[in-house]
Amino acid sequence: MRLLLLLILIGAAAYFTVPARDAHEEAARVFMQAEAQEQTGAVEQNTGISLDSVVDFVTGMVAGQGHYETYYVASKFTVDMPGAAYLECWGAFTLVQCRRVDRAAGQS
């Protein structure tokens with residue numbers, strides 16, 4: 001009986017703390033900015049391309065795009081990325097975790 005009550009309380013807490021679409025978009029932007037900074041560190045030194053211009057492009061790419069789904073106690077947000085990959089973000093209890101998934105392999 002205590003276990004059932006605990007599960008109900010956890011489910012209720014999860015229901016009321018599911019992250020909204022805005023939280024998912026922000027987490028996706030942060031993830032993509034970090035990934036862009038890692039990839040363009042050497043490119044900026046060699047080609048003179050500004051890191052700010054790359055970050056602006058990446059953050060603009062997410063705005064208004066993506067597919068948000070709610071599962072009552074969790075939520076999912078997916079965004080297509082250039083190439084054969086997409087960004088997948090899962091959220092619960094106000095926390096959002098994103099990862100890049102390769103379509104060909106199905107792995108990150």
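Within 6.0 Å of CZ on Phe93 lie more than 12 heavy atoms contributed by other residues, nucleotides or ligands.
Nearest heavy atom pair, residue Asp102 against residue Ala84, reads OD1-O, 2.6 Å. Considering every non-hydrogen atom in both Ala28 and Cys98, the closest pair reads N-SG, 3.9 Å. Of all non-hydrogen atoms in Val18 and Val73, the two that sit nearest each other are CG2-C, 3.7 Å.
For the pair Thr78/Leu87, no side-chain contact is recorded, criterion being any heavy-atom separation below 4.5 Å from C-beta on. Between Glu69 and Ser75 there is no side-chain heavy-atom pair separated by less than 4.5 Å. Within the 4.5 Å cutoff, the side chain of Pro19 has heavy atoms near those of the His24 side chain. Gln97 is not listed as a side-chain neighbour of Trp90, based on a closest heavy-atom distance of 4.5 Å or more.
Distance OH/Tyr15 to CD1/Ile8: 15.5 Å, rounded to 0.5 Å. Separating the CZ atom in Phe31 from the CZ atom in Arg99 is a distance of 9.5 Å, to the nearest 0.5 Å. Between the OH atom in Tyr68 and the NZ atom in Lys76 there is a gap of 13.0 Å [rounded to 0.5 Å].
In this structure a side-chain-to-backbone donor-acceptor pair under 3.5 Å is missing from Arg100 to Met32.
Checked against a 6.0 Å centroid threshold, the rings of His67 and Phe77 do not count as neighbours.
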